[in-house]
Structure formats: C-alpha cells, structure tokens
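Beneath this line is the structure, given in structure tokens, with notes to follow.
Excluded from the calculations below are hydrogen atoms, water molecules and symmetry mates; all remaining heavy atoms, backbone and side chain alike, are included. In the text below, chain A, chain B and the rest are named by the order of the sequence lines, each starting its count at 1.
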Amino acid sequence: MPAKSLEQVRNLCMRRGFVFPGSAAYGGVASFWDYGPLGVELLNNVKKAWWQDAVYARDDMDGLDAAVLMSRKVWQHSGHEATFSDPMVDCKKCRSRFRADDLVGAWVSSVRDEDMLTSETWSKHFKAHERVCQAMPEPARSQGVAVMREILAAHEAWWPLGKLFLKFDASGDESAKREMVADSDTVKANQRLKAATDAHHKFITENAVAFTAASFTACEVTCPKCGSNEFTEPRQFNLMFQSHVGPVSAAAGTDEEAAARVYLRPETAQGIFMNFAHVQRSLARKVPFGIAQIGKAFRNEITPGNFIFRTREFEQMEIEFFIKPPQFVAEGEKNDEQWHEEWVQQRYRWWLRYATPPSAGNEDMERIAARFRKRAQAADELAHYAKATTDIEYLFPGALGWGEIEGVANRTDFDLSAHSKDVPEEDLKRLKLEANKDSNEKFDYFDPDAKARYIPWVIEPSAGATRAVLTFLCEAYHEELVKEPTKQEIDQIKSDAAMIRKNAEKKIKDARKDIEAGKEPKHQPDKVEAFLNQLDDVVSRLPASLDEVLLALDHEGAQNLEPVKKFRPPTEKFIEECTRTVLRLHPALAPIKLAVFPLKKNKPEIVELAKSIKQKFQKHFRTVYDDSAGIGRLYRRQDEIGTPFCITVDFESLEDGTVTVRERDSMAQERVAIDELHDYLLPRLEL
RNA sequence: GCGGGUGUAGCUCAGUGGUAGAGCAUCACGUUGCCAACGUGAUGGUCGUGGGUUCGAGUCCCAUCACCCGCUCCA
C-alpha cells in the first residue's frame with residue numbers, strides 16, 4: 001500500500017532525518033525546511049540523476065551555475081518586477097488586505113444550490129453579476145451581460161416549479177412530486193437552468209482576470225471583515241525577496257535605496273539567458289544547444305504550505321534549450337513545437353524511470369505511470385513569457401492531489417529579445433516589449449547553415465528539485481503486511497470491536513436523549529454511527545484490511561469513546577509488528593546504498609570483518625555499519641529509509657568468505673563471496 | 001484568507017483544577033545463529049509561547065505562533 005497521506009511521509013522524514021522544520025528552536029518559520037543527513041543524500045542523488053540525463057547523456061548540452069543575485073535590471077527587463085505577482089486589495093475602511101481574486105471567488109460562489117429556491121437571493125446575486133459585466137471591456141461585456149440575463153431568465157421560467165417543489169416537500173406528497181419531475185416542461189426548464197449555470201461558470205472561469213477587476217470597479221464585492229465595498233485598486237504584490245548590495249541606510253523607495261536594490265532570483269532561468277552568448281562563444285556551440293543549471297530560487301509566496309511542496313525557498317533544475325526561430329527551420333528539421341514535444345517526452349520518461357524501482361513488475365509500472373500525467377496549460381494560465389507550457393504533474397497522496405512537478409515551456413525569443421539592445425521594431429511589437437536601452441549586448445547568433453543572424457527561440461524544461469524529492473518519497477513509500485496474524489489474534493480484534501460497538505450504541509442512545517431534552521449531547525450520534533459502519537466494514541474484511549483498522553479508529557466519531565482509547569495502543573503495537581515500512585526508492589536515489597551488519601556483535605572476528613567490508617565500500621558509495629539491534633530490526637530500519645542492500649556477516653563468513661546479501665523489496669537473501677560483492681552490487685545499484 | 005482541529009519525553013499518545021505518566025526509541029550490562037527477541041537498570045519534560053482567573057493551571061479564559069484537515073488559490 002503506497003502512502004495514503006502526506007502526513008505519513010512527513011512523519012518518516014522528520015523521524016529518520018530527511019527533512020526538519022527550519023529554525024525549530026525559535027518556533028519555526030513557516031515554509032522553510034532543513035535537509036537532514038538522509039535528505040541531503042536524496043536531494044543530491046536526485047540532482048545527480050537529473051544532471052546525468054540533462055547534460056552527460058546528450059551531445060548538445062552544457063552546465064552552468066550562475067550567481068543568485070543579479071542586476072535589478074535583469075528582473076525589470078525579464079518582466080518579473082512588473083508582473084511576477086498576485087493582485088492584492090486593501091479595504092479602505094478597516095485597512096485589511098486581501099487577495100483580490102480570493103475575494104471575488106468567494107463572492108461568486110456565495111450562491112448555493114438551495115438559493116435556487118429563494119427567488120430574491122438568486123436574482124439579487126446574478127443582477128449584481130450583470131452590473132459587473134457592464135463594467136468589463138468589450139467583447140467580454142456584451143457576452144457576459146447575455147450570460148447573466150439568460151441565467152436570470154432561465155431561473156424566472158423555472159421558479160414556479162421550484163415553488164411547487166417546496167410545496168410538495170412541505171406536504172410530503174411524493175407521488176405528485178414524481179409526476180411533476182417526469183413532466184416534459186419541467187425537464188425543459190431544468191435543462192435550461194442547468195445550461196445557463198454551466199455557461200455562467202464557463203464565462204467566469206474564462207474571464208477570471210477581467211471579471212475580478214470589474215467586480216471592484218462596480219463596487220459589488222464587500223469586505224469580509226467590515227462589510228464595506230470600498231477597496232483600493234487591485235495592485236500587484238511582488239513575489240520577489242529583496243536585499244541590497246553594499247551598506248545602504250536610505251529609506252525604502254528613495255533613489256539611493258532603489259539603486260542598491262537586488263532581488264533573490266525567483267527562477268534560475270535568467271542566469272542562463274545572461275550567459276547564453278558566453279557559453280555559445282566559449283564552446284563554439286551551434287544552435288540547437290542547451291544549458292542546464294541547478295540552483296536555489298526564492299519566491300515570497302502568499303500561501304505556502306503542504307510540507308515541502310510549496311516553500312518560499314526551493315531548488316530548481318532548469319534547462320534552456322536554444323533552437324532556430326520558426327522562419328529559419330529547414331525541411332526535415334524540428335520546429336519549436338516539435339522540440340517542445342520532444343522535451344516533454346524526454347522529461348516525462350525521466351520522471352517515470354526514477355519513480356520505478358527495479359523490482360517493479362508490469363502491474364506496478366502501470367500503477368506508477370497512472371500517477372504521472374502531462375497537462376497542457378490553458379491560455380489564461382500561461383506565464384507572461386510563454387507561448388505554450390505543458391506541465392508534468394504527480395498525483396500526491398491525500399488532499400494535495402495532482403500537483404505540478406515540472407513545466408516545459410516554449411518561451412520563444414521573449415527573454416533573449418528582452419535583454420537585447422537593437423531589437424527590430426516588429427519583433428518588439430510581436431513580443432509586447434519596450435526597446436531595451438540598458439543592455440550593452442544583443443543576444444543573437446549567426447547561423448552558418450541558414451546564413452542568417454537571429455535571436456534563438458527557447459524551450460525550457462523547468463523541474464523542482466525539492467518537489468522531486470517529495471514526489472519520489474511519496475511514490476516509494478509503502479506499508480506492507482509481512483507477518484500473517486493468527487486466527488486468535490484476529491478474533492481478539494473482532495471481540496474488541498464488538499465491545500466498542502456495544503459501548504458506542506449506548507452513547508448514541510444517551511446523546512439522542514440529550515438532544516430531545518434540549519441538552520448539549522456528549523457525542524454526535526451521526527458521526528459515531530458513521531464510525532461504527534466503517535469499523536464493521538474493516539473488521540469484516542480482516543485480515544486483509546489490517547492496515548485500515550487504525551485509520552478507522554482515527555474516525556471523527558471515534559473521539560472520546562473509552563473502549564477505543566483502551567483498544568488503540570495494543571492494536572497499534574500489534575499492527576506495527578505485522579507490517580513493515582519500506583521506501584522502494586530507485587537505487588540511484590537511495591540515500592544509503594549499503595548497510596553491513598554482524599550477526600553477532602559480541603564475537604570480535606565477525607564485527608571486525610563486517611567493519612572491514614563497510615570500509616571497503618564507503619569509498620565508492622554511502623555505506624553504513626550498524627550493530628545496535630537484532631538482525632530483524634536492523635533490516636527494518638534500512639527498509640524504512642530505502643537502503644537497497646544489506647549485508648550480514650556470520651560464522652560461515654569467517655570460514656568460507658561469503659556473506660548474506662539481502663535485497664530490500666523482495667527481502668530475498670543470496671550468499672555472495674566477499675571478493676565478488678563489488679561486481680555483484682555495482683550493476684544492481686545502477687549508479 | 002475563511003472554517004474546523006492539534007500542540008505534554010526523540011517518536012506515538014494518555015492525563016476533566018491538587019505529587020507530570022505509558023509504550024516505543026536512546027544508553028549501559030547480560031543474553032541473542034537471519035527479518036521489528038528478552039531481562040535488569042539509567043537518561044530524558046519550565047506540558048508550543050505570552051498573559052489572565054485561582055490558595056493552586058497540562059487542565060479554565062484571552063492573545064499569539066506553528067502544523068494538520070476542508071474551502072479558496074497557485075510555476
């Protein structure tokens with residue numbers, strides 16, 4: 001069973017030294033995390049695997065490591081200073097600050113299905129939407145007005161039926177209600193209203209930005225704190241962290257301060273663009289070629305969260321791949337769209353390759369592949385620099401769901417043009433750029449094949465190293481049953497469950513009595529009932545459902561039930577004994593490649609031999625020695641952190657020079673001569 | 001941002017105003033011949049933080065911080 005929640009993965013990370021909360025001694029700082037001894041190995045291995053694939057395995061790629069801090073002009077001309085931001089508004093009355101799109105989103109969805117049955121709320125809400133549309137620019141204006149008028153008219157036509165529904169509901173006249181539902185006019189009215197609401201939803205989604213702005217100009221949004229409808233203009237809150245170069249004492253906003261201001265890079269890409277000409281000239285590269293870079297990036301996110309998925313400091317693995325502009329592409333050469341597609345495929349394959357352990361069978365591979373997908377971004381999602389972007393997404397456990405782990409963008413010649421002087425007028429117009437009067441350079445390239453000078457286009461595969469760590473951890477996490485419980489043990493759980501049911505049923509009765517008497521009940525009958533149903537279901541499927549028992553006991557309705565509290569600790573212990581947690585990491589990613597144990601730690605010859613084997617391998621890859629527990633526990637410990645191989649030295653080893661090699665996923669053991677260990681392990685570790 | 005929840009030993013948690021606890025983990029000694037063994041002993045906590053009520057607060061009240069769940073949103 002793979003991870004069911006991020007919580008499980010988070011626990012393991014903090015317990016075993018992958019990731020710790022940052023500045024914990026001072027209460028922590030939201031969204032900053034430190035990588036522990038195992039985390040740093042995993043992160044390094046991820047980066048190594050990426051570098052291997054992006055740089056070493058290709059003929060057309062080189063590496064780079066640019067400075068984190070760059071001239072402020074870089075960010076002005078890249079467009080980040082102006083547009084890399086979220087719209088914020090302040091309430092003029094109570095001075096609270098909100099995200100503009102949040103406020104409007106809440107207002108738009110404030111009408112619920114049941115409001116259909118109250119004519120006033122419905123028409124008031126959508127008349128307000130119509131006024132917002134009136135404030136929008138054409139052609140959205142007339143389109144929106146039509147959509148809003150239709151939803152009002154459709155409701156007007158439907159409303160007499162709504163009243164009848166209410167009447168039948170009140171009288172309990174089910175047969176009259178059924179008759180009415182089947183009536184063709186009713187069907188038509190229902191369909192019309194459904195179509196109108198769908199059209200409304202579609203319009204709002206497609207015109208989200210314009211609708212948000214218009215909502216404020218039309219004064220239709222109210223402050224959740226004080227109810228006022230007067231807000232400042234929506235303005236952009238910049239996501240870039242600021243600092244200063246050199247000692248600056250001037251106040252924020254002054255010329256002196258602005259002159260010394262720098263930003264912590266929000267993406268590593270601009271460092272590559274700055275070095276396009278350096279790399280091309282120094283290595284005499286010909287287009288198409290690419291530059292890869294791994295490095296930290298910083299974004300002052302408004303809502304970070306979900307463990308290390310969205311943090312304000314994170315690490316990127318980015319490629320800028322420079323290609324011919326479409327007009328110079330010769331017969332038989334790939335154009336920008338084909339290069340884009342090729343990179344999407346290559347990167348997708350990389351994700352699958354490292355998400356799949358060698359032990360995976362066909363079924364496992366299908367399951368893994370189903371958790372990765374490619375998704376083309378819609379036009380209104382695209383960043384300011386992109387012609388098209390395809391995201392690679394992973395289905396994270398629990399509430400997080402599908403999350404972006406990489407974006408492959410077609411950035412055209414936007415960035416290199418933005419940083420170039422003397423860009424022709426028509427190109428500036430096409431790219432919606434101002435002429436760059438600050439730059440000393442033109443990032444163009446003479447193409448000997450095309451016999452032309454041009455500014456190359458760019459395909460950008462940009463992956464999150466931090467998100468990759470989380471992705472591979474989630475995918476690798478498994479809890480599996482390794483010991484079949486006996487019938488007696490199962491019966492024990494069943495009888496415990498029966499006891500819980502008996503007690504809970506009494507509590508339900510008591511609670512119902514309390515409610516009737518108008519008193520505050522100690523338990524919520526519905527929730528306890530739901531808990532019992534879940535418990536029954538799980539218990540009836542034992543022993544296969546053993547791992548679900550604790551989950552059931554965590555149910556909301558199980559809270560404050562005495563027998564549950566009593567039952568939980570022994571059950572937890574028992575279940576832990578029957579299951580093992582194993583990280584089925586690809587061996588190339590595993591933080592520790594090999595663990596060596598003595599079968600008996602009070603036999604010096606065995607200990608010595610084990611330590612010497614550890615010493616032999618630690619030069620080649622991360623190897624540990626451990627003798628602090630029984631052999632079974634030592635195996636489990638290594639399983640939990642994904643160590644692919646364990647070696648056990650025993651008495652036989654002293655005589656014939658062989659050891660037991662135990663593989664993580666299958667738990668299979670094999671006898672291997674110490675002299676042959678190196679040749680045995682190396683191909684299996686896929687280093 | 002809104003709503004709900006949690007915060008007590010390294011970890012998982014119990015503790016309904018009166019002497020801070022259990023299991024696991026860790027360390028020591030003994031035992032232990034391959035999948036979470038056992039015995040004995042020891043270490044470890046100003047109960048997230050700051051205020052308040054009280055003779056007395058882990059427990060009640062207020063504030064604050066962090067995290068989790070849901071909604072919203074987002075490379």
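- Remark: side-chain polar atoms of A:Ser653 are paired, donor with acceptor, to backbone N or O of A:Thr658 under 3.5 angstrom.
- Evaluation of atom-type donor-acceptor distances gives no pair under 3.5 Å for the side chain of A:Arg10 against the base of B:rC67.
- At the heavy-atom level, A:Arg16 lies nowhere under 4.0 Å from the strands shown.
- Ranking B:rC34, B:rU32, B:rC67 by closeness to the A:Lys600 side chain, first place goes to B:rU32.
- Considering only side-chain atoms of A:Asn11, the nucleotide from B:rC35, B:rU12, B:rU26 that sits closest is B:rU12.
- Residue contacts for A:Ser628: at a heavy-atom cut-off of 4.0 Å it reaches no nucleic acid atom on any strand shown.
- For the C1' atom pair drawn from B:rU54 and B:rG17, the interatomic distance equals 9 Å after rounding to whole Å.
- Between the side chain of A:Arg265 and the backbone N or O of A:Trp75 there is no donor-acceptor pair closer than 3.5 Å.
- For A:Arg637, whose side chain is taken as the heavy atoms from C-beta onward, the closest listed nucleotide among B:rC34, B:rU26, B:rC11 is B:rU26.
- When the nucleotides B:rU31, B:rC35, B:rC34 are ranked by their closest atom to the side chain of A:Met667, B:rC35 comes out on top.
- Contact of A:Glu7 with B:rC68 (side chain to base): no donor-acceptor pair of N or O atoms is detected under 3.5 Å.
- For the pair A:Cys474 and A:Leu6, the tightest heavy-atom approach, listed with the atom from each and the gap, is SG-CD2, 3.8 Å.
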*For nucleotides 39-48 of chain B, just jot down a letter per nucleotide in 5' to 3' order: B, S or -, based on protein non-hydrogen atoms under 4.0 Å.*
----------
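- One finds no salt bridge joining A:Arg467 and A:Glu406 here, because no Lys/Arg side-chain nitrogen approaches an Asp/Glu carboxylate oxygen to under 4.0 Å.
- Remark: the separation of the C1' atoms in B:rG56 and B:rA22 is 26 Å, to the nearest Å.
- If you check B:rU32, B:rC35, B:rC34 against the side chain of A:Arg636, the one that comes closest is B:rC35.
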